[in-house]
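For clarity, every value in this text was computed on a predicted model and none was experimentally measured.
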Amino acid sequence: MGLLSKSIFRIATIACLIPTVLTGCKASGSPNAVQPPFMSTAASAPPQAAEDAPAPGKTGGFDGKRAFAHVAKQVSFGPRPSGSPALAHLQEYLLSELKSYGCNMETDDFSADTPVGRLRMKNILVKIPGEKPRVILLGTHYDTLLMENFVGADDAGSSTALMLELARLLCPQRGKYAVWIAFFDGEEAMKHWSDTDSRYGSRQMAARLSISGDIKEIRAFLLADIVGGRKAQFLRESSSAPLLVDLVWNTAAKLGYTAIFRNDATSAEDDHDSFLKRGVPSVDVIGDFVNNGYWHTPQDALDKISPKTLAIVGHVFLESVKQLQSK
Ligand SMILES: [Zn+2]
């Protein structure tokens with residue numbers, strides 16, 4: 001794939017390069033020292049939230065209310081940085097949900113050397129077989145930023161919820177190509193975002209798939225991140241594969257979502273980079289985190305999340321997968 005030099009286009013990053021003024025970028029000790037506060041899901045869920053969701057029949061079967069409930073569940077575990085007991089609870093939840101949908105999945109337990117020490121991490125990969133060997137990969141990270149009182153409803157609760165709901169719908173289906181759904185640990189930097197302190201899980205998975213040779217079978221990787229905001233806007237991410245950006249944005253336009261999927265450009269370093277660097281055509285569908293006002297702050301809480309936004313992005317992902325399956 002003809003990737004141009006990404007560095008030329010990087011104008012903002014998902015982690016800490018631009019907003020060094022944000023307190024969100026500083027680490028706060030070892031993850032095990034971060035104590036999840038007690039949080040009542042019911043108390044923190046805005047009462048109007050459930051009414052905000054379109055009927056699943058209008059969004060390709062994707063249930064925004066179910067996705068919202070998955071966000072609330074994650075938030076109820078408290079802060080979920082890599083290596084924390086709270087993230088282990090989320091891992092159990094993900095595996096039990098995926099199992100209940102009849103999904104086949106593989107887990108990869110590995111350890112990563114980080115600026116706050118060696119951390120245990122776990123990637124989860126759902127594998128839905130197809131008639132042909134090639135693969136459509138969907139993915140999200142599910143860890144949250146290492147920061148006190150940061151519950152990450154949008155980052156990474158929303159995209160994790162999105163992938164769970166997509167798995168519920170896609171696991172019983174059989175298409176021309178296999179669909180894999182990746183849940184990456186360790187996307188967030190432990191101290192300062194860099195190529196070595198970030199994307200631990202996706203780098204691990206891309207490396208493993210390279211060794212096995214499976215990475216050559218991936219014809220497209222669609223990454224979701226920060227996809228649940230009430231006022232979310234999605235901009236074309238400039239390091240992503242242009243053909244895939246076009247596919248997703250044209251799909252969104254056909255579905256009538258041009259007010260949310262806009263044609264302006266942005267740039268983000270994210271888990272798609274781990275696959276782009278290995279030649280996999282990839283697109284990052286990421287909410288405009290630079291301007292949402294709560295990114296990497298404790299204000300990234302459940303009140304920022306809209307079941308409607310989740311449903312719209314879910315609809316776009318489902319239709320984009322259909323498009324890819326038809327090619
Ligand atoms: Zn983040």
Side-chain angles (χ1 to χ4, degrees), residues 53-74 89-109 122-142 156-185 201-202 205 208-209 212 214-215 217-225 227-228 248 251 271 275 280 282-283 285 307 310-327:
K58 292 191 171 163
T59 47
F62 190 98
D63 189 334
K65 280 186 200 172
R66 285 186 77 113
F68 182 84
H70 289 312
V71 181
K73 184 71 182 182
Q74 292 173 80
H89 288 139
L90 175 53
Q91 288 157 359
E92 284 166 26
Y93 178 70
L94 293 175
L95 292 172
S96 85
E97 285 294 307
L98 293 167
K99 201 174 161 200
S100 76
Y101 309 149
C103 300
N104 285 319
M105 63 264 187
E106 296 172 0
T107 57
D108 178 20
D109 291 276
K122 186 194 287 283
N123 283 335
I124 299 169
L125 182 60
V126 170
K127 287 186 163 181
I128 306 161
E131 293 153 19
K132 298 196 171 182
R134 303 204 73 187
V135 173
I136 299 161
L137 177 65
L138 312 178
T140 177
H141 76 97
Y142 70 92
S158 62
S159 53
T160 303
L162 185 96
M163 291 300 156
L164 274 179
E165 177 61 359
L166 290 174
R168 185 181 72 85
L169 296 166
L170 294 174
C171 279
Q173 297 183 17
R174 291 293 173 270
K176 184 156 74 165
Y177 304 111
V179 178
W180 293 357
I181 305 176
F183 294 83
F184 304 117
D185 201 340
S202 58
M205 190 178 289
R208 282 193 59 139
L209 293 172
S212 70
D214 286 344
I215 202 158
E217 303 298 337
I218 303 173
R219 59 200 308 265
F221 172 32
L222 275 56
L223 173 68
D225 198 1
V227 293
V248 173
T251 299
D271 284 316
F275 288 83
V280 177
S282 308
V283 56
V285 177
L310 290 166
I312 287 170
V313 180
H315 196 190
V316 170
F317 266 72
L318 284 171
E319 285 300 315
S320 297
V321 169
K322 264 191 208 163
Q323 289 287 317
L324 288 164
Q325 289 284 21
S326 70
K327 286 172 192 236

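If you take CG on L162 and CG on L318, they are separated by 8.5 Å, rounding to the nearest 0.5 Å. Atom NE2 in H315 sits 11.0 Å away from atom CZ in F62 (nearest 0.5 Å). Taking NZ of K73 as the reference point, atom CG of L94 lies at 11.5 Å (rounded to 0.5 Å).
Other residues, nucleotides and ligands contribute more than 12 heavy atoms inside 6.0 Å of the CZ atom of R219.
Among all heavy-atom pairs drawn from F221 and D271, the shortest one is CE2-O, 4.0 Å. Looking at every heavy atom in both residues, G228 comes nearest to L310 through CA-CD2, 3.9 Å. L222 and M163 get closest at one heavy-atom pair: O-CE, 4.4 Å. Of all the heavy atoms in A156 and Y142, the pair that sits closest is CB-CA, 4.1 Å. Among all heavy-atom pairs drawn from L137 and A182, the shortest one is CD1-CB, 4.1 Å. Here the closest non-hydrogen pair linking T140 and S159 is OG1-OG, 2.6 Å.
The side chain to side chain donor-acceptor pair (under 3.5 Å) pairs that include a residue from residues 122-131 are E106-K127, D109-K122, where partners are two or more places apart or lie in different chains. Counting only residues at least two apart or on different chains, no salt bridge (charged side-chain N to carboxylate O under 4.0 Å, His left out) pair has a member in residues 91-100.
The side chain to side chain contact (heavy atoms under 4.5 Å, CB included) test with I124 is passed by exactly one of I181, D185, L95, D108: L95. Of the residues L223, V285, I128, V179, the one that meets the side chain to side chain contact (heavy atoms under 4.5 Å, CB included) test with L138 is V179.
Put simply, the side chain of E319 never gets that close to the backbone of T251: no donor and acceptor are under 3.5 Å apart. The backbone N or O of D63 sits less than 3.5 Å from a side-chain atom of E165, completing a donor-acceptor pair.
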Which atom pairs, one a donor and one an acceptor, fall under 3.5 Å between side chains of residues 170-178 and the rest of the protein, sequence neighbours left out?
| unit_1 | atom_1 | unit_2 | atom_2 | d |
| --- | --- | --- | --- | --- |
| Q173 | NE2 | L169 | O | 3.2 |
| R174 | NH1 | C171 | O | 3.1 |
| K176 | NZ | K327 | O | 3.1 |
| Y177 | OH | K327 | O | 2.6 |

Discussion item. Side chain to side chain contact (heavy atoms under 4.5 Å, CB included), that's the test. Do V135 and D214 meet it? Break it down for me.
Written reply: CA-CA 9 Å; V135 173; D214 286 344; over 6 Å; no
Practice prompt. Output, in order, the C-alpha distance, side-chain angles, deciding distance and verdict of side chain to side chain contact (heavy atoms under 4.5 Å, CB included) for L166 and V321.
Written response: CA-CA 10 Å; L166 290 174; V321 169; over 6 Å; no
Discussion item. Determine whether H70 and T160 satisfy the following criterion, side chain to side chain contact (heavy atoms under 4.5 Å, CB included), listing intermediate values before the conclusion.
Written reply: CA-CA 8 Å; H70 289 312; T160 303; over 6 Å; no
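Taking the side chain as every heavy atom from C-beta outward, F183 and V126 approach each other to under 4.5 Å. Using a 4.5 Å heavy-atom cutoff, the side chains of Y93 and L164 are in contact. Residues W180 and L209 form a side-chain contact, since some pair of their non-hydrogen atoms from C-beta on lies under 4.5 Å apart.
Note: F184 and F275 have tilted aromatic rings, judged against thresholds of 30 and 60 degrees for the angle between ring planes.
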